[in-house]
Amino acid sequence: MNIRNFCIIAHIDHGKSTLADRMLQATGAIQDREMREQILDGMELERERGITIKASAVTVTHEHKGTPYMLNFIDTPGHVDFHYEVSRALTACEGAILVVDATQGVEAQTVANAYMAVEAGLDLIPVVNKIDLPSARPDEIAMEIEQVLGLSAEECIYCSAKTGEGIQELLDAICDRLPAPKEAAKEKTQALIFDSVYDDYRGVVLYFRMMSGKLKANDRIYMMGTGRTYSITEMGKFTPKMVPLKHEFQAGEVGYAVAAIKTLGDVNIGDTITLDAHRAAEPLPGYQEPQRMVFCDFYPSGETQFEMLRDAVERLHINDASFTYAAHHSEALGFGFRCGFLGMLHMEIIQERLEREGNVNIVQTAPTVTYEIKLTGGKIIQITNPADLPDMSTVVEIREPLVTCEFIMPNENIGDLMHLCEQRRGVYKSQQYLSETRQILNYELPLAEIIYDFYDKLKSLSRGYATMDYTLTGFRKDNLVKMDILVNAMRVDALSVIVHREKAETRGRALLKRLKKEIDRHMFEIPLQAALGGKIIARESIQAMRKNVTAKCYGGDVSRKRKLLEKQKAGKKRMKRIGSVDISQDAFMAVLETDE
Amino acid sequence: MKLTVLSYQKCTGDSSLLQPFEGLSPSDVHSLYLHIPFCFHKCHYCDFYSLVAPSEKKQDLYRQFTDRMIEELTLRATEVIAKPRTLFVGGGTPTLLPASQWERLLEALKTGGWLDAVTEFTVEANPETVDQELLAILVAGGVNRLSIGAQSFNEKHLKTLERWHDPARVAEAVGLARGVGIDNLNLDLIFAIPGQTLDEFDADLEVVLALEPTHLSCYNLTFEPQTALMQRMEMGQIEPLDESEQREMYEHVIAKLALAGYEHYEISNWSKSGQRCQHNLAYWEGDNWLGVGPAAASHVNGRRWKNEPHLGRYLSHRPGPPVVDVEELPLNEQAGEKLMMGLRLFEGIPMAKLTAMLEPQDPRWQMIAQLTQMKMLEQTATHLRLTRQGLFVADTVLSELL
């Protein structure tokens with residue numbers, strides 16, 4: 001049968017999911033009465049945030065010019081944090097549908113993902129979506145696509161996922177314009193794992209794309225990246241219902257497999273499945289160990305005990321292995337977990353899911369990046385917590401991760417963006433006109449400078465119009481130092497940050513000002529200090545509380561007043577007491593906010 | 001009149017059927033409190049249980065109420081060894097109760113033996129509602145102390161409080177009281193009223209001092225939940241003074257009254273030597289007291305309860321009034337409460353009492369040591385007490401010891 005493997009790439013809210021659903025409906029894969037909004041988005045949280053975290057694949061049959069075609073829709077995650085996952089999903093495809101909103105135009109993520117698709121050798125079909133909207137400018141947007149991505153405006157298909165206009169034309173184009181899977185060059189079995197999900201009954205469900213050879217249920221398989229072996233207990237396809245199949249999967253096909261794999265941590269996206277008895281000579285190219293970009297600590301707070309947090313973290317990790325965790329002890333905060341994430345959004349999602357699904361209260365420290373530390377003697381170590389920085393006398397250099405950032409901006413905000421990038425130690429790379437009103441800018445920036453409030457700043461300076469995407473490019477040494485924060489003369493390890501030497505004083509002053517706002521006044525004055533090594537570079541002080549005393553307290557008031565005071569005390573439980581100072585969650589995050 | 005009823009109930013079941021003395025061995029009750037809930041107007045800062053009586057039914061209602069209060073006293077006399085040393089009648093506005101009802105009530109107290117051991121008998125008085133006739137009846141009935149709600153002498157600030165009395169009436173009331181032989185007089189004063197300046201407060205103090213009361217209660221205005229004042233603040237109509245201004249006024253009153261020869265013996269209370277309010281001391285020292293009347297709270301040997309704040313049910317419920325918020329705290333929490341109340345007194349808590357109520361391994365000892373090191377608490381030869389510094393942030397200090 002004719003096979004077409006393709007994915008849909010789009011910026012958030014440009015209508016990817018609606019388009020996918022409409023196409024499934026047009027092929028008869030789902031009946032109108034079954035039509036539920038956004039079939040491909042499974043999780044509640046995803047829907048709330050309007051993004052897709054986990055990819056899945058759906059196989060449908062479509063008749064075109066009298067010939068049946070097997071269409072495999074491969075979903076890609078839509079957020080900047082999931083670069084690697086996107087790249088693996090792309091590798092499973094021969095073609096991609098590039099969806100651009102007819103009112104919004106090309107966005108940074110569209111560009112980044114389109115480039116990635118081209119690099120992966122995919123053929124693209126540009127689609128201008130939402131043409132039903134009154135403010136749609138399809139011709140203009142098609143020109144933008146031609147200008148930026150070099151895809152002829154004439155090739156653009158105009159459609160409306162909402163009304164169904166242009167959908168048939170798009171399905172025909174998929175059959176006509178996208179290539180069939182290449183003939184397998186090798187005989188031995190190679191299947192690419194491009195996604196995995198956890199199912200309470202089956203354990204891990206793998207999504208794979210057959211690249212060469214054959215695979216069927218009951219085969220003993222070998223994972224070339226992790227070196228583990230399993231037996232396939234079930235294989236099949238999503239149509240979009242989960243349908244087990246007995247047949248032998250051939251090169252070019254897409255499906256799912258179940259192999260009694262207990263946790264998602266045992267599986268790596270991008271890994272190659274081969275037959276254990278007839279192993280392929282080498283794995284498929286492009287495999288990477290998962291890379292965590294952002295780290296932070298979670299500590300139990302309030303009524304939550306460490307053991308409760310541990311249970312919640314372990315339980316979540318079974319369902320979502322995209323984050324890492326390791327028990328960690330902080331001088332100031334006690335026992336907790338150091339966790340690694342693909343990016344900031346990912347961190348927020350995990351924290352929310354932990355609290356929501358695990359029913360725990362968490363105090364989270366400010367996120368940091370990985371630093372490479374070159375020690376005297378040449379040894380290089382990586383740290384993910386500024387507090388772990390070894391004694392400076394043994395440190396030769398500190399290297400920080402760099403990213404290249406691509407921004408798509410309205411012309412009038414370019415100046416503000418440049419100013420922001422300069423503040424964040426950015427290096428200008430290039431600039432290109434996208435249309436008369438918008439430009440693409442490239443900057444090299446330290447990852448540490450964009451992980452926290454950068455995106456919010458970008459959005460606010462452009463009134464929401466700017467978009468960005470970034471790729472990690474490597475590590476570079478810089479004049480970096482660890483800044484310690486002392487609260488009431490006690491060093492709080494969880495508040496330490498690594499900063500650029502030249503910016504240390506400004507950052508220190510700004511940080512203490514923020515802390516001053518976030519820490520409640522106490523019975524006593526609280527000195528706040530920022531220090532480099534033993535040298536104090538900034539100081540502030542939180543004035544003692546002036547007055548907090550109940551004026552009236554007589555016989556009828558005793559219970560009520562006691563409860564009021566208990567409430568005051570309970571409020572403190574949601575904080576962490578360090579020495580005799582209560583520090584709130586917001587104060588830990590304030591470390592990264594640099595506004596003055 | 002809506003009032004939030006705290007729902008904490010240690011004893012389960014229909015609380016209204018609960019007999020508060022059930023299971024308690026008869027104990028001495030050293031203080032008796034009577035609550036008269038009537039007011040002719042609800043002041044905006046007030047969170048006590050009070051209601052405005054409908055005028056056409058007033059006389060009948062006052063009579064029914066007095067009947068019921070006498071019945072409650074009779075009932076309680078069978079349950080406690082009732083030889084109170086102090087008696088306090090508060091409200092509401094006790095002086096709104098007509099003279100004829102007062103006569104009946106006082107007579108019942110006397111015949112019930114409630115007055116036999118009483119050395120201090122206080123009635124709260126509103127300057128607008130005391131007259132010679134009533135005062136004479138009170139004195140004849142054994143009242144020897146009057147507490148007059150002056151609050152402020154500045155008409156503008158009285159208006160903010162929605163307190164309707166002519167400030168000149170305070171001096172008249174004081175004169176009338178002395179005329180009938182009541183020399184032990186307390187005046188209530190409120191400070192930190194929105195818009196009030198330190199000078200204006202000082203002027204109030206001058207007026208008060210000129211009246212030479214034996215006792216003074218000076219309260220920093222509190223925005224209590226469910227009061228009109230709180231509502232007005234939330235709506236942005238009035239703004240509380242800031243913490244520094246409040247502290248300045250508090251420091252001022254402390255200094256000024258010390259110079260005028262008053263002893264500061266509790267956070268908001270001052271007296272001439274030997275004239276401390278014995279009744280209120282019972283609250284702060286965690287003694288046993290009995291409350292009679294709607295919304296009145298009681299405490300006997302670690303058990304607390306409150307008569308339901310509802311006049312209708314107070315009048316109709318038999319045999320005793322419906323009771324709510326019964327709680328019997330575990331010893332550990334009782335200790336917290338004793339600390340919370342006891343440290344309000346300037347002398348503090350006797351060390352002997354402290355060591356009797358806290359186990360040696362109680363973590364509070366460590367907290368006490370820490371707070372002492374922070375100079376919030378200090379130990380005298382006999383007592384543990386708040387320092388001057390600790391006084392201003394007493395709630396924060398006390399919350400650590402609960």
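If you're wondering where the values come from, they're calculated on a predicted model, not measured in any experiment. Reminder, nothing fancy here: chain letters follow the sequence lines and each chain counts from 1.
Between the SG atom of A/C553 and the OH atom of B/Y283 there is a distance of 11.0 Å, given to the nearest 0.5 Å. With rounding to the nearest 0.5 angstrom, the CG atom of A/L564 is 8.0 Å from the CD atom of B/E224. With rounding to the nearest 0.5 Å, the separation of CG in A/D557 from CE in B/M340 is 8.5 Å. Atom CG of B/L398 is separated from atom CG of A/L565 by 6.5 Å, given to the nearest 0.5 angstrom. Atom OG of B/S268 and atom OH of A/Y554 lie 6.5 Å apart (nearest 0.5 Å).
Contact check on B/E333 versus A/K563 returns no salt bridge, with no Lys/Arg side-chain nitrogen under 4.0 Å from an Asp/Glu carboxylate oxygen. A/R560 has no carboxylate O lying under 4.0 Å from a charged side-chain N of B/E337, or vice versa, which leaves the two without a salt bridge.
Residue contact with chain A, scored on non-hydrogen atoms closer than 4.5 Å, is absent for B/D242. With a 4.5 angstrom heavy-atom cutoff, B/L371 touches chain A only via side-chain atoms. Using a 4.5 Å cut-off between heavy atoms, B/L402 contacts chain A through both its backbone and its side chain. Contacts of B/T222 with chain A are made by side-chain atoms alone, with heavy-atom separations under 4.5 Å and no backbone atom involved.
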Begin from the C-alpha positions of A/K547 and B/N220 and carry the test side chain to side chain donor-acceptor pair (under 3.5 Å) through to its verdict. CA-CA 11 Å; A/K547 191 166 184 292; B/N220 190 115; 2.8 Å; yes

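Between B/R304 and A/V558, the closest side-chain pair of non-hydrogen atoms falls below 4.5 Å. The side-chain heavy atoms of A/R562 and B/L329, taken from C-beta on, include a pair separated by under 4.5 Å.
Identified by a heavy-atom distance below 4.5 Å to chain A, the contributing residues of residues 289-297 of chain B are B/W289, B/A297, in residue-number order. Taking non-hydrogen atoms and a 4.5 Å limit, the residue list of residues 520-528 of chain A in contact with chain B, ordered by number, reads A/R521, A/M523, A/F524.
Dense packing is recorded around CZ of B/F346, with more than 12 heavy atoms of other residues, nucleotides or ligands lying under 6.0 Å away. In A/M490, the CE atom is not crowded: 12 or fewer heavy atoms of neighbouring residues, nucleotides or ligands sit closer than 6.0 Å. In the displayed structure, A/K459 atom NZ is contacted under 6.0 Å by more than 12 heavy atoms of other residues, nucleotides or ligands. The environment of A/E307 atom CD is dense: over 12 non-hydrogen atoms of other residues, nucleotides or ligands sit within 6.0 angstrom.
A/N548 places no side-chain N or O within 3.5 Å of a backbone atom of B/D395 that could act as its donor or acceptor partner. A donor-acceptor pair under 3.5 Å is absent between the side-chain atoms of A/R546 and the main chain of B/E243, judged by distance alone.
Side chains of B/E327 and A/S559: a donor-acceptor N/O pair is present below 3.5 angstrom, by distance only.
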